[in-house]
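Have a look at the structure below, then the notes.
Below, chains carry the letters A, B, ... as their sequence lines are ordered, and counting in each starts from 1.
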Amino acid sequence: MAMSNAPAVTATASLLSALSLDGNKGPADSRQANGSALELLVSELVRTLTLATQDIKRNSEQLAPGLCSEENVEVAKVSGVLPRRSSGTNDSEGNSPAAVSGWQEVPEDNELMEQVYVKLELVGFRVGRRLAERFAPPNRRLVDTLDIVKFVCKDIWMILFNRQVDNLKTNHRGIYVLQDNKFKWFLRMSGNNGGAAAARRAQPYIWLPCGVIRGILNSFGVNAVVIAETLGLPQCTFQIKVISDD
Amino acid sequence: MKLHCIAILNRQDSPVYLRNFDTPSDDVKYHSLAYTSCDVIEERMASSKSNDLFLGLLQTVEELSVYGYVLNTGVRIILVLSVPESMVRSSSVREMFQQIHAAYIAMVCNPFNEELDGLSNAKFESIISELSRIHSETK
């Protein structure tokens, strides 16, 4: 290590004094972020990822026709092998109005939404892994899977949504059901099309928390599959199926 | 008390970080010390009912004492100290572990770290260097 002169020594000394674990910090030291900022960010994230995936899909469809002759492509489209251009009429430049005027409706395209699901879930997974490291209790040990799921229900939900999960059910054989009756990100959504349509439009917003839960469990050595569903805003249910422990 | 080595291993006992404050040729010695300490850690965790992340003294080899600390996420931190006249309070070792833990969290949360294994980061290195500097001066 290089010889340090006086200012450098004090700089590095303050590095250490700035470090402390959550358990040791007083309430004045803890820093918080505005929950609304997270909600706004997530809604933009969902929209941006969907539009970007739509773009990528449209561009790859434009490339594919170059590889085969035009009539084959037309035949393939008519017979349903290649998906048609995304829903909505095209204006003269061939741009779908959805891309120009903003995303109005969840695209009907299931393949597209699957790709969006994969991306959102992966983002959630990476966030979950970091959340687990950051917020795992520094003064006690989480012993079994139930402890870890309770940590998710209480501590992580409190951090993300400022409330706890309403109901936790388990069959003690690796299935956990988390029920949140007033899911924070749904509270500001109104569905004037009725329950089922609104619930479908809200789907992408629970894909991110699915990934977060999976990422957290993975950090603690629990491999699981997390599925979410909503039967009606603002309620939603997350189901954790443990595949393997540790 | 002098700090000789800090090692961080992940849940699968593979090394994530190892910093040796003696000569570079001692690297091999500290690697093997870290691996043998892993077995002791497994034993301690299986047998101990304590709720603590700090595992205490794991083993002593010649004049070196090896202390261990296991995070909830399974990451193991191992400190190798040489303690003259066996005068070291476990609270000061625990405090060192907590500082390393906090620095580790800061490094993991850095979004520019692609993988959560195989870590190295200028700020983390400077914190570790500072720790070794502090603990090589005290008698």
Side-chain angles (χ1 to χ4, degrees), chain A residues 1-5 8-25 29-31 33 122-123 125-145 147-148 150-152 155-156 159 215-223 244-246, chain B residues 8 10-13 16 19 21 42 44-46 48-55 69-75 77 91 94-117 119 122-137:
Chain A
M1 189 174 146
M3 297 299 265
S4 46
N5 47 20
V9 166
T10 47
T12 44
S14 71
L15 262 185
L16 279 187
S17 61
L19 286 179
S20 60
L21 290 179
D22 276 347
N24 301 339
K25 275 188 197 161
D29 295 331
S30 72
R31 297 191 282 188
L122 190 61
V123 169
F125 182 77
R126 290 166 58 90
V127 169
R129 291 205 58 179
R130 290 179 155 99
L131 279 179
E133 289 284 5
R134 173 70 181 80
F135 292 108
N139 44 15
R140 70 171 207 276
R141 195 171 283 292
L142 298 174
V143 210
D144 57 16
T145 311
D147 265 353
I148 298 167
K150 280 203 229 170
F151 164 70
V152 168
D155 301 323
I156 295 289
I159 289 162
I216 293 174
L217 291 172
N218 181 278
S219 285
F220 293 117
V222 177
N223 285 326
S244 69
D245 266 62
D246 273 4
Chain B
I8 304 184
N10 70 7
R11 197 178 196 100
Q12 287 84 31
D13 286 336
V16 156
R19 179 84 176 270
F21 298 107
E42 301 280 337
R44 283 291 168 90
M45 285 187 45
S48 144
K49 295 284 178 224
S50 93
N51 226 353
D52 207 357
L53 302 186
F54 177 54
L55 294 179
Y69 182 96
V70 181
L71 273 55
N72 270 313
T73 54
V75 169
I77 306 181
S91 61
R94 183 193 293 263
E95 197 191 305
M96 282 200 328
F97 273 120
Q98 289 182 332
Q99 287 172 327
I100 300 177
H101 185 180
Y104 174 78
I105 288 176
M107 178 163 57
V108 160
C109 289
N110 183 342
F112 297 121
N113 271 342
E114 273 308 304
E115 287 304 315
L116 295 181
D117 293 339
L119 311 163
K123 188 159 183 192
F124 188 72
E125 296 285 347
S126 67
I127 288 173
I128 301 291
S129 308
E130 178 62 16
L131 265 179
S132 84
R133 197 189 60 83
I134 292 179
H135 292 285
S136 55
E137 289 168 359

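Neither the backbone nor the side chain of B:Phe97 comes within less than 4.5 Å of any heavy atom of chain A.
Residues B:Val75 and A:Glu133 share a closest heavy-atom pair of CG2-OE2, 4.2 Å. The shortest non-hydrogen separation linking B:Cys109 to A:Arg134 is SG-CB, 3.8 Å. Of all heavy-atom pairs spanning A:Pro138 and B:His101, the tightest one is CB-CE1, 4.5 Å.
For the atom pair B:Leu53 CG and A:Arg140 CZ, the distance stands at 10.0 Å (nearest 0.5 Å).
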Test side chain to side chain contact (heavy atoms under 4.5 Å, CB included) applied to A:Arg141 and B:Val70, step by step: CA-CA 9 Å; A:Arg141 195 171 283 292; B:Val70 181; 4.0 Å; yes
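Of the candidates B:Thr73, B:Asn72, B:Asn51, A:Leu142 forms a side chain to side chain contact (heavy atoms under 4.5 Å, CB included) with just one, namely B:Asn72.
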